[in-house]
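As the structure is a prediction and not an experimental result, all values here were calculated from the model. Residue numbers start from 1 in every chain, and the chains themselves are labelled A, B, ... in the order their sequence lines are given, proteins ahead of strands.
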Amino acid sequence: MRFSQYPINTTKETPAEAEVTSHQLMLRAGMIRRVAAGIYSWLPLGLRVVRKVEHIIREEMNRAGALEILMPAVQPAELWQESGRWIEYGPELLRLKDRHERDFVVGPTHEEVVTDIARRELRSYRQLPVNFYQIQTKFRDEVRPRFGVMRGREFIMKDAYSFHADEASMAAGYAAMRAAYVRMFTRMQLNFRSVQADTGAIGGSASEEFQVLADSGEDAIAVSDGDGFAANVELAPAAAPTQARAVPAQALEKVATPHMKTIADLSAFLGVPREQCLKTLLVDATDGGVVALVLRGDHELNPVKAQKLKGVANPLRMASAAAVKAASGSEPGFLGPVGLDCPIYADHAARNLADFVCGANAPDLHLQGVNWARDLPEPASADLRNVVDGDPSPTGKGQLRIVRGIEVGHIFQLGRKYSQAMNATVLDESGQSITMLMGCYGIGVTRIVAASIEQNHDERGIIWPDPLAPFHVVLIPLNLQKSAPVRAAADALYAELAAAGVEVLYDDRDARPGVKFADAELLGIPHRLVLGERGLQAGSCEYRHRRAADNEDIPLASVTRFIKAKLAG
RNA sequence: CGGGGCAUGGCGCAGUCUGGUAGCGCAUCUGCUUUGGGAGCAGAGGGUCGCAGGUUCAAAUCCUGCUGCCCCGACCA
């Protein structure tokens, strides 16, 4: 491709709207342009990268035996009503009406449509297992799109759905997809981890996420330094303390704590460490009342764990101010478990405290020297908190470290959640009708592009790994407009490389060398060839990798072979 | 949804407080010079200042309403 014919507009200045590195670089390199909040156009350069990602995904999906299909983006409401998600899915589901006032959705995912296909097409256990996948545009009306294409509303996803006659087959299909994902992300040269995950709105049982490690990631992951354990913090179990609770040493005492509504304020005011204070959160109960969740002051509530507790409303909702007042007689900021008239769950760590501080359920008052059993009944205890850095690993080996990740893939064993709701059955060996089991497997194609940049950039721009690079080589001739020998040699080299199947961006612009170097580095083309009069007289061409600091002189005659070897390596 | 901020040529910004000829840098176009790290000179094009009302002799600027975008929050009682 000749740069002079390629509409890439690079900028030196970073657009004000971009917050994270990948978004900034994608805008500066002219890969994407924003059309509306969370909605982007992909320009030629950016789309080339998307296609590279898709290509690797297709190859590995096909290798794993999955079959490509293409389902519609716009889907009839009936299917969603049938699965129950017309109501369940909430405001992220973009709903619309056609000219006949019929309800439709713009698909955020395709379980309904694919299950409909399966129940129509699959009749016999002999046709199972089968795995259908597609690479297609999704729309999720995110509350808050951000970070460019990392959390957009419209995005490209590879989604796959497998159908099985029994559990063993579903587990095998899941394992095959897991292996395929490892191959794909390895080929894309992403630094990733697979982690145990919550199943969330999709539903189902076993599930793992593939997380690209990056400080800008939105997900927190707990990784053990003692073994292979890794889990999303949403799910990672916090081990209960192993030491016995200390015996009470202090007397119960009421202390005035005017306006001390937060743990930080309280801790500073009383000179008591945060981990010696309790916080009491009231959440809605399933019966219309409230449930108290009690945590150590330095811990955070884990909503995913909490909403699974008996009696707690799912999804988790904090109690209204009125409900708080009714249950405690106080206002938020001074709540405590002592004398509280509602079910109480204490986190294991909170239950292990002695002589702690908590709210007195009266304005501007807290209790000090409080002890379970002595001053109030022993509470039900549960795992309610997020694990923190340094917690023991739930496997018993090593400690947990908290790292950040970008979720680029997620695989689930769905079981019968959709097949049952939508009556997707086949006949088994004995002619009995059985409900198929399903697995589903997603990959955020466009998000991978951003994630790769987050992991591969420097102060000058992007550094593409070969498999995702929009072009393998950038060919920069110097003084092209003036030097006939340079032009002849560059044209010839460009043609030779192209004929050898190398993807070359030929910078034939009438621009100064500095401009070309700067653009090549911003665009992140991994291999650079520079052709100047000086080198030409010696019969050589300069080569430099985007990550390298120095040039190498390569004899002109062997440049193509040299580049092919680099790309093969 | 709550809070904060922003909206002026393609991009980045000034001008708004204190109303009075719309400006700067980058980018773009033309010409000449220049050509190994974002060139110089000379010239040119491009903006109904987000939209709609209002105040005023006069509005980018003041007032009202709306829209869009960005950031933070939406457990930490």
Complementary nucleotide for [N] - Watson-Crick or wobble, under 3.5 Å:
{"N": "B:G2", "answer": "B:C72"}
{"N": "B:A77", "answer": "none"}
{"N": "B:A44", "answer": "B:U28"}
{"N": "B:A7", "answer": "B:U67"}
{"N": "B:U56", "answer": "none"}
{"N": "B:A39", "answer": "B:U33"}

Whole angstrom value for the distance that separates [atom2] of [N] from [atom1] of [X]:
{"X": "A:R512", "N": "B:G40", "atom1": "CZ", "atom2": "C1'", "answer": "9 Å"}
{"X": "A:D284", "N": "B:A77", "atom1": "CG", "atom2": "P", "answer": "18 Å"}
{"X": "A:L295", "N": "B:C76", "atom1": "CG", "atom2": "P", "answer": "12 Å"}
{"X": "A:R151", "N": "B:C69", "atom1": "CZ", "atom2": "P", "answer": "17 Å"}
{"X": "A:K12", "N": "B:U28", "atom1": "NZ", "atom2": "C1'", "answer": "14 Å"}
{"X": "A:L480", "N": "B:U34", "atom1": "CG", "atom2": "C1'", "answer": "15 Å"}
{"X": "A:F147", "N": "B:C69", "atom1": "CZ", "atom2": "P", "answer": "17 Å"}

Give the nucleotide from the list [options] with an atom nearest to the side chain of [X].
{"X": "A:D510", "options": "B:U35, B:A77, B:C71", "result": "B:U35"}
{"X": "A:K279", "options": "B:A77, B:G38, B:G36", "result": "B:A77"}
{"X": "A:P15", "options": "B:U35, B:C11, B:C75", "result": "B:C11"}
{"X": "A:E19", "options": "B:C71, B:G36, B:G38", "result": "B:C71"}
{"X": "A:N551", "options": "B:C70, B:C75, B:G36", "result": "B:G36"}

* **A:D298 or A:L478, whichever maps to the more 5' nucleotide of RNA chain B** => A:L478
* Pairwise 5' ranking along RNA chain B for A:P145 and A:E542, keeping only the more 5' one -> A:E542
* Between A:Q24 and A:E19, what is the shortest heavy-atom contact and its length? -> NE2-O, 3.5 Å
* Using only side-chain N and O atoms of A:T262, determine if any of them is under 4.0 Å from OP1 or OP2 of B:A77. => yes
Is it the case that [X] places NZ or CZ above or below the six-membered ring of [Y], under 6.0 angstrom from the centre and within 45 degrees of the axis?
{"X": "A:R528", "Y": "A:F517", "answer": "yes"}
{"X": "A:R2", "Y": "A:Y506", "answer": "no"}
{"X": "A:R95", "Y": "A:W80", "answer": "no"}
{"X": "A:R140", "Y": "A:F155", "answer": "no"}

* Asked: Looking for any heavy atom pair under 4.0 Å, which part of the strands does A:V143 touch: base, sugar-phosphate only, or nothing?
  -> base
* **Sugar-phosphate only, base, or nothing, as touched by A:A18 at under 4.0 Å among non-hydrogen atoms** => nothing
hbond_proxy [X] side chain to [N] base (donor-acceptor, 3.5 Å cutoff):
{"X": "A:D519", "N": "B:G38", "value": "yes"}
{"X": "A:R528", "N": "B:G37", "value": "yes"}
{"X": "A:E13", "N": "B:C26", "value": "no"}

* Is a side-chain N or O of A:Y345 found less than 3.5 angstrom from the main chain of A:V312, in a donor-acceptor match? -> no
